[in-house]
Amino acid sequence: MDKIQGIITYINGPVIKAKNMEMFKMREMVTVGEKRLIGEIISIDGDIGTVQVYEETTGLKIGEKINSTGKPLSVKLGPGIIGNIFDGIQRPLNFIYEKSGGFISEGIGLASIDLTKKWDVVVLVKEGDIAKEGSLFATVQETPLITHKLMIPPGISGKIIYAAKNGTYDLEEVLLKVDDGKTVHDIKMYQEWPVRTPRPVKKRMPIEKPLITGQRVIDTFFPVAKGGTAAIPGGFGTGKTMTQHQLAKWSDADIIEYIGCGERGNEMTEVLEDFPKLIDPNSNLPLMNRTILIANTSNMPVAAREASIYTGITIAEYFRDMGYNVAIMADSTSRWAEALREISGRLEEMPAEEGYPAYLPSRLAEFYERAGYVTTLGNDEASVTIIGAVSPAGGDFSEPVTQNTKRFVGAFLGLDKKLAYARHYPAINWLSSYSGYLASLNSWYKDNVSEDFMNLRGQMLKVLQEESKLLEIVKLVGEDVLPDEQRLILEIAKLIKIGYLQQNAYHKDDTYVPLNKQYRMLRVIKLFYDHANETIKKGIPISKVKSSQLYNDILKMKYSIPNNYKNEFDDFENQISAYFDSLIEAYEG
Amino acid sequence: MNIIKEYMQLDKIEGPLIVLSGVDNASYDEIVEIKTNSGIKHGKVVQLHNDKAIVQVFETTSGMSVRDVSVRFTGSPLEINLSKDILGRVFNGIGEPIDDGGEIFGGVKMDVNGRPMNPVARRYPRNFIQTGISAIDGLTTLIRGQKLPIFSGNGLPHNQIAAQIVRQAKISEEEGQDFAVVFAAMGVKHDDAHYFLKAFEESGVLERVVMFLNLADDPVVERIITPRCALTAAEYLAFNHNMHILVIMTDITSYCEALREISSSREEVPGRKGYPGYLYSDLASLYERAGMMEDSSGSITQIPILTMPNDDITHPIPDLTGYITEGQIVLSREIFQRNIYPPINILPSLSRLMKDGIGEGYTRDDHPAVSSQVFSSYSRVQEVIALSQVIGEDELSDIDKKYLEFGRAFEEKFLKQDFDENRSIDETLELAWDILSILPKSELDRIDSKTIDAHYRG
Ligand SMILES: Nc1ncnc2c1ncn2[C@@H]1O[C@H](COP(=O)(O)OP(=O)(O)OP(=O)(O)O)[C@@H](O)[C@H]1O
Ligand SMILES: [Mg+2]
């Protein structure tokens with residue numbers, strides 16, 4: 001077998017060029033040089049090929065060789081992914097740790113899930129059955145929470161001519177032989193899939209269900225949908241990572257995948273230390289049992305940062321294909337865009353806006369398009385939800401990555417520097433954020449929370465909008481000159497802002513609030529508002545309304561009424577009504 | 001057998017770059033030695049194309065000619081020699097001793113570029129470092145293993161604050177655990193370097209300080225190496241010798257300017273304000289070298305100092321720094337002009353790691369709520385000030401007047417302190433309660449009633 005090798009002629013950081021490359025394929029994975037660094041071919045021009053290298057190129061020399069692997073950049077999909085942490089090209093960081101110690105060195109070679117690990121397999125088919133692509137043939141209990149469903153890989157269908165018995169197998173053992181009439185396919189516990197190609201589904205379905213996050217400002221005001229997309233833009237320190245961690249902890253997806261793309265090492269360590277201790281409210285098992293981590297931190301090679309997004313989304317699609325609702329947190333998509341820019345710059349491509357390549361919008365669109373609510377090849381309903389953090393330069397949302405992301409996402413949760421400075425958390429700005437999913441989720445909220453939930457939401461948002469107009473006036477003349485009805489709006493807005501929108505991620509109960517409590521809290525605020533309005537209309541001064549202990553009780557009901565409340569809200573509502581009744585009585589009487 | 005080839009001619013000299021051809025066997029990133037009439041210079045390979053090598057020279061290229069040179073490729077990246085003897089020593093920006101202590105012998109050679117720390121090998125930082133400065137300890141708490149920069153401006157007292165931290169900080173609290181300070185100066189004035197030297201001397205830590213000095217009149221390109229030498233020394237002491245290391249790096253702005261200069265002489269596509277598109281990744285390769293690791297009880301805490309051009313926090317240097325570091329301490333010219341030291345504007349300041357290092361069992365149980373309340377109330381003060389400038393202070397409502405009073409007390413009693421005033425965390429939190437008690441109880445919406453009852457004055 002004569003192996004064709006490329007010969008390196010040019011080295012510039014993560015971008016290298018080689019000659020003798022005409023037999024290589026575009027997007028093929030290659031090994032580079034004596035250290036066998038991992039790379040991917042990103043262009044071929046005559047016999048010159050350009051390779052982006054996923055490891056440090058320090059020490060590489062002109063004349064060293066490039067070897068083909070014969071396949072595109074791919075991931076191995078099988079048991080062993082959940083609870084694990086991988087780098088941008090799916091190499092387990094624990095494996096790298098064992099090989100190279102605390103600091104990551106180059107030339108470690110390719111690795112992915114552990115193929116020698118044995119799993120208990122329950123086989124669900126027998127010889128003679130017909131296997132269709134995407135259909136379930138066996139299960140493995142991957143974690144106490146997640147049953148890994150082994151599926152016939154896309155593109156393969158036929159008659160099963162061999163099926164293994166229930167038992168313990170490693171990932172390389174053949175579990176099934178499928179004869180499609182021409183070829184006999186060996187099916188193992190894992191499949192391989194090229195990361196830049198979306199995995200097929202049967203059909204896309206309309207979006208109808210919210211991703212419940214337990215975060216009031218999101219669930220109530222700007223809901224994210226299962227199968228939908230959301231962006232969280234914000235300057236440094238405004239709370240993107242915190243918000244994403246909160247969603248990773250508490251949202252009601254079956255599987256969470258957290259992609260640390262060009263961000264801090266300590267943030268990944270934090271997840272690794274905390275998640276095994278945190279208990280999922282639905283299953284009472286540690287959250288790590290449903291979490292997958294991809295980490296390509298800011299100081300790791302920039303090309304692998306570019307790949308990490310695709311590695312992540314492909315793994316998510318694979319679990320979706322099993323019928324799971326998967327949610328991806330990508331922190332931060334801006335670092336991914338910058339990786340594109342850096343590689344593009346080294347290729348001397350013509351830059352478009354702010355040095356980003358002209359294909360930035362199409363890459364962003366392709367990524368967010370891989371989210372969706374679908375019917376899988378195996379006929380399950382499942383979804384991939386994408387929530388991407390965006391880190392605008394200078395905190396200015398008019399920059400290209402924020403603007404282009406805005407075009408392709410359904411919900412926009414804009415973080416506000418001023419709110420963050422005042423430690424109003426989450427610092428999601430209620431005036432500039434939006435969710436495009438309100439209409440499609442309306443009936444879900446009606447059926448599952450309450451008939452009037454969306455209505456209440458609208459009224460409360462209106463109070464906030466009016467407040468912002470009034471504040472413009474207050475800035476010029478002070479609050480005292482406003483009539484009492486308008487001052488009441490300011491007071492109610494304060495109740496909403498402090499009592500409802502502010503949510504302390506570090507408080508043991510407030511960190512996650514179920515929808516029915518969110519609804520009852522809103523109702524209390526509304527009830528107070530209605531009564532107060534009526535009182536003021538009767539000429540009772542606003543000071544009477546504001547000075548009541550009830551006002552402060554509402555501010556603190558998020559802490560004082562437990563998440564599994566019983567009569568507390570009923571009692572509280574009665575108390576409010578009674579107070580105002582007696583106030584009016586005293587005044588009129 | 002290794003024959004070391006010498007190249008006697010250059011194709012071109014352009015700014016800090018030289019180009020040679022006919023080169024074989026050169027490797028990317030390796031160090032070259034350039035003999036010139038005026039002595040030996042060093043550089044590193046930044047691009048290779050067929051037989052051509054582009055080398056970035058650390059020292060100045062002025063006076064160099066394309067002939068009278070001899071270039072030798074060393075075959076390895078830039079390494080410095082390290083042993084515990086570096087404590088108390090002074091090096092230049094590329095790690096060569098410049099005091100009269102001679103070479104470092106018998107140590108280990110380490111690549112100054114370092115390698116990324118594996119996230120699974122990190123230990124999450126959780127230990128509070130008391131600096132004795134109320135604004136920092138109370139509101140932007142420093143944690144051991146954190147990277148917490150000072151965002152300053154020209155003429156603001158960032159050096160004093162850093163010196164005060166060095167003098168007062170309890171970097172290591174365990175008995176017998178060693179600590180040291182690593183100091184990296186990039187493009188700073190002689191005066192400033194001297195100031196630090198004196199400050200280290202006065203606080204009696206001089207023999208525990210390792211200095212790497214690239215001063216304002218030293219070669220610009222050398223500046224790229226200086227923090228890397230310093231951080232390599234820090235890693236060596238922290239992880240090979242289990243010491244707690246505080247790294248002060250100043251001025252990151254000069255560092256970034258050097259990077260911009262090299263980038264533009266390489267004709268790279270510029271990003272914002274002419275800084276290279278990889279400025280984020282480059283800065284990350286410095287800042288991410290802070291932290292703690294499994295298998296070692298040492299730590300690296302970084303306090304980088306940068307001067308914001310035009311005091312503009314959205315300028316790429318503070319902006320990208322803030323996106324990488326674990327918070328920032330922001331100085332304000334306006335507060336400085338009112339004669340308040342330290343002139344820290346707490347609102348844009350932040351310590352991201354304080355959440356896990358304060359409260360019960362760490363500092364005091366009321367700490368998280370108190371700090372949150374001070375931030376919230378002080379931000380309200382700013383609104384009231386703006387309003388009072390429009391309608392006049394007399395027209396303010398009673399509660400707004402209370403906020404003004406609170407704001408003044410905050411700055412005069414809590415924020416302001418002497419350069420040699422060292423406050424314990426208890427003193428700091430008690431001061432916070434003193435000033436919060438100016439506001440009526442009902443305004444303290446971030447603190448639960450039990451805590452209020454326990455601490456509220458009056
Ligand atoms: N919901 C919240 N509850 C309490 N604190 C919060 C919340 N959100 C943010 N914070 C505070 O804000 C700090 C900064 O948040 P975070 O690290 O998420 O910012 P970021 O937007 O990801 O910044 P960067 O872009 O630099 O990564 C946190 O360390 C925490 O102190
Ligand atoms: Mg973040």
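Every chain is numbered from 1, with letters handed out A, B, ... down the list of sequences. Quantities reported herein were computed from a predicted structural model and do not represent experimental measurements.
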Max heavy-atom pair count under 4.5 Å with chain B, selected residue of A:N504, A:V477, A:L555: A:V477

message: Under 4.5 Å from any heavy atom of chain B, what part of A:E263 do you find: side chain, backbone, both or neither?
response: both

- prompt: Under the 3.5 angstrom rule, does the side chain of B:Q47 hit a backbone N or O of A:I11 as a donor-acceptor pair?
  reply: no

field: Salt bridge present between A:K61 and B:E30 (N-O < 4.0 angstrom)
entry: no

Heavy-atom closest pair, residues B:R123 and A:T269: C-CG2, 4.2 Å

Part of residues 110-118 of chain B lying next to chain A, heavy-atom separation under 4.5 Å: B:R115, B:P116, B:M117, B:N118

- request: Give the minimum heavy-atom separation between B:I313 and A:Y421, together with the two atoms involved.
  value: CD1-OH, 4.5 Å

Derivation of the side-chain contact (heavy atoms from CB on, under 4.5 Å) call for A:S298 and B:E288: CA-CA 8 Å; A:S298 56; B:E288 278 288 313; 3.4 Å; yes

query: What residue, out of B:E326, B:R380, B:Q389, has the most heavy-atom pairs lying under 4.5 Å from chain A?
result: B:E326

field: Closest contact, heavy atoms only, B:L387 versus A:G478
entry: CD1-N, 3.6 Å

query: Within 45° of the ring axis of B:Y323 and under 6.0 Å from its six-membered ring centre, is that where the NZ or CZ of A:R335 lies?
result: yes

task: Kindly indicate whether the side chain of B:I391, heavy atoms from C-beta on, has any atom under 4.5 Å from the side chain of A:K475.
output: no

A:E273/B:R126 under salt bridge (Lys or Arg N to Asp or Glu O under 4.0 Å): CA gap, chis, key distance, verdict: CA-CA 12 Å; A:E273 287 187 12; B:R126 297 178 199 270; 2.7 Å; yes

Proximal component of B:S76, with respect to chain A [non-hydrogen, under 4.5 Å]: neither

Interface moiety of B:L283 toward chain A, non-hydrogen atoms closer than 4.5 Å: neither

task: Against chain A, work out which of B:L48, B:T321, B:D29, B:D24 has the most heavy-atom pairs shorter than 4.5 Å and name it.
output: B:L48

message: Using the side-chain contact (heavy atoms from CB on, under 4.5 Å) criterion, which residues pair with A:A393? Sequence neighbours excluded.
response: B:R272, B:D319

message: Below 4.5 Å, heavy-atom pairs only: which of B:L320, B:D312, B:L350 has the largest tally toward chain A?
response: B:L350

- request: Measure B:S296 against the heavy atoms of chain A and call it side chain, backbone, both or neither at under 4.5 Å.
  value: neither

- line: Honestly, the part of B:S379 sitting under 4.5 Å from a heavy atom of chain A is side chain

- prompt: What part of B:Q328 lies closer than 4.5 angstrom to a heavy atom of chain A: side chain, backbone, both or neither?
  reply: side chain

message: Using the rule given for side-chain contact (heavy atoms from CB on, under 4.5 Å), can you reason through A:N12 versus B:R266, listing the C-alpha separation, both sets of side-chain angles and the distance that settles it, and then say yes or no?
response: CA-CA 12 Å; A:N12 179 1; B:R266 293 183 65 185; 3.6 Å; yes

Donor + acceptor pair across side chains of B:R352, A:T241 (<3.5 Å): no

task: Specify the closest pair of heavy atoms between B:Y280 and A:G262, including all atoms of both residues, with the distance to one decimal.
output: OH-O, 2.5 Å

field: Contact summary for B:P119 and A:T297, nearest pair of heavy atoms
entry: CG-CG2, 4.0 Å

- prompt: Does A:R341 count as lying over the ring of B:Y278, i.e. NZ or CZ under 6.0 Å from the six-ring centre, within 45 degrees of the axis?
  reply: no

query: Out of B:V45, B:D295, B:V120, which one racks up the most heavy-atom pairs below 4.5 Å with chain A?
result: B:V120

